[in-house]
There are 2 protein chains.
Amino acid sequence: MATPDTVRRQSPAAEAWGLIHELFATYGKRRFHAVATEFELSPPQVMALRALDPSKPLPMSSLAGALHCDNSNVTGIVDRLEDRGLVERHSGEHDRRVKMLVVTPKGAELRAQLSAALEHPPEPLAKLSPEDQRTLRDIMRRALRP
Amino acid sequence: MATPDTVRRQSPAAEAWGLIHELFATYGKRRFHAVATEFELSPPQVMALRALDPSKPLPMSSLAGALHCDNSNVTGIVDRLEDRGLVERHSGEHDRRVKMLVVTPKGAELRAQLSAALEHPPEPLAKLSPEDQRTLRDIMRRALRP
DNA sequence: TATTGTTATACTCTATAACTATA
DNA sequence: TATAGTTATAGAGTATAACAATA
């Protein structure tokens, strides 16, 4: 990515956000793509599998919400996951229009492998001092788990 | 996104990385998409425009590297940016195989607007205490600007 | 012979709108 | 009438391979 064009004063939060963006663009995106390729999944398929909870079936529309996309997109993504035996569509019990997505045992295992592969922090974080790592974790917890 | 399936002990850096991932998936991705739509650009087109430096022409192949994709993909992305008058292809001076990408004044202005729109930190960061914001910024600087 | 960028191909993703089957 | 999911369609992104021009 190019150097910021405006080297003017930014708020600390804005600068931190920019750096997080950079970390993600440089390391997160590449790693995500590499892992998806390794398991022969497309990035949206990986996001879908990660958004599903193996212990709690989810309606198609909720998955669409989690992926920030239209219901119609989810049809194709789930089709391909179902073709590979990773998820199944079960008719809803209360409302027969709804289809609940169930992660198969095979899907749950693959999902765990994905999580393990994506969990390792990228080099810039791994090289921080243990104290910085703990502080970073604590601040991120306060931000997202207030 | 579903709750982490393995609620086991993680290293602080791994947990921080997971939280950063979550922040990005929940806020960054949506914001990015909204800004792209606002300016009638696709996400890859926004990434391309942001990867270009208005003051320093870049070869097509370098842009492909910055976007982590194949050269052949860049052809189409740049075609569409060029159709909108945001960038131009200039033949390289030293090696006539190379095409240098130049951001037009119109492209530079749009690029600045994109940056401004994407700069504002999402709510979870904005709501941190000023001290936490500074600490977060300092740690991210140490991680990425050692 | 190797490299830059383009073209060709096939597949996936995305948004929109029209459709179905339920409610 | 309204909603969940599908289908149809068009445009865009992606990887691979083959190609032209240049080195």
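Remember, predicted model here, so these are calculated numbers, not experimental data. Order of the sequence lines fixes the chain letters, A, B, ..., with proteins taken first and strands second; residue numbering starts at 1 for each chain.
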Rounding to an integer number of Å, can you tell me how far [X] [atom1] sits from [N] [atom2]?
X	N	atom1	atom2	answer
Asn71(A)	dT20(C)	CG	P	18 Å
Phe32(A)	dT14(D)	CZ	P	14 Å
Leu67(B)	dA15(D)	CG	P	11 Å
Leu63(B)	dT4(C)	CG	P	14 Å
Leu81(B)	dA12(D)	CG	P	12 Å
Leu101(A)	dA4(D)	CG	P	14 Å
Lys29(A)	dT14(D)	NZ	C1'	11 Å
Met60(A)	dT7(D)	CE	P	10 Å

Contacts of Asp138(B) that satisfy salt bridge (charged side-chain N to carboxylate O under 4.0 Å, His left out) - sequence neighbours left out: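 Testing Asp138(B) for salt bridge (charged side-chain N to carboxylate O under 4.0 Å, His left out), a comparison that skips the adjacent residues, returns none.
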B/S/- contact track for nucleotides 7-12 of chain C, protein heavy atom under 4.0 Å: B----S
Sugar-phosphate, base or nothing in reach of His68(B), heavy atoms under 4.0 Å: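 Answer is nothing: His68(B) stays at 4.0 Å or more from every strand.
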Sequence-distant partners of Ser72(B), side chain to side chain donor-acceptor pair (under 3.5 Å), two or more places apart: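 Checked Ser72(B) against side chain to side chain donor-acceptor pair (under 3.5 Å); matches are Asp70(B).
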Residue list, side chain to side chain donor-acceptor pair (under 3.5 Å) with Arg84(A), at least two apart or on another chain: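 For Arg84(A) there are no side chain to side chain donor-acceptor pair (under 3.5 Å) partners, ignoring immediate neighbours.
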Close approaches to DNA chain C from residues 88-100 of chain B, in residue order (heavy atom, under 4.0 Å):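 Arg89(B), Arg97(B), Val98(B), Lys99(B) - these, ordered by number, are the residues of the stretch whose heavy atoms sit under 4.0 Å from the strand.
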Parallel, tilted or perpendicular, as decided by the 30° and 60° cut-offs, for the rings of His21(A) and Phe24(B):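 Ring orientation of Phe24(B) relative to His21(A): perpendicular.
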Whether over 12 other heavy atoms sit under 6.0 Å from Gln113(A) CD: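 More than 12 heavy atoms, drawn from other residues, nucleotides or ligands, come within 6.0 Å of this atom.
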Sequence neighbours excluded, every pair satisfying salt bridge (charged side-chain N to carboxylate O under 4.0 Å, His left out) that has a member inside residues 26-38 of chain B: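 Every pair satisfying salt bridge (charged side-chain N to carboxylate O under 4.0 Å, His left out) with a residue in residues 26-38 of chain B: there are none.
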Any His33(A) side-chain N or O less than 4.0 Å from OP1/OP2 of dT14(D):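 For dT14(D), OP1/OP2 do not have a side-chain N/O of His33(A) under 4.0 Å.
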Backbone of Trp17(B) reached by a side-chain donor or acceptor of Arg137(A) within 3.5 Å: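 Flag not set: sc Arg137(A) to bb Trp17(B) has no pair under 3.5 Å.
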Short side-chain to backbone donor-acceptor contact, Thr26(A) and Glu22(A), under 3.5 Å: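 Flag set: sc Thr26(A) to bb Glu22(A) pair under 3.5 Å.
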Beyond-backbone contact of Ile139(B) with Leu128(A), side-chain heavy atoms, under 4.5 angstrom: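 Yes, side chains in contact.
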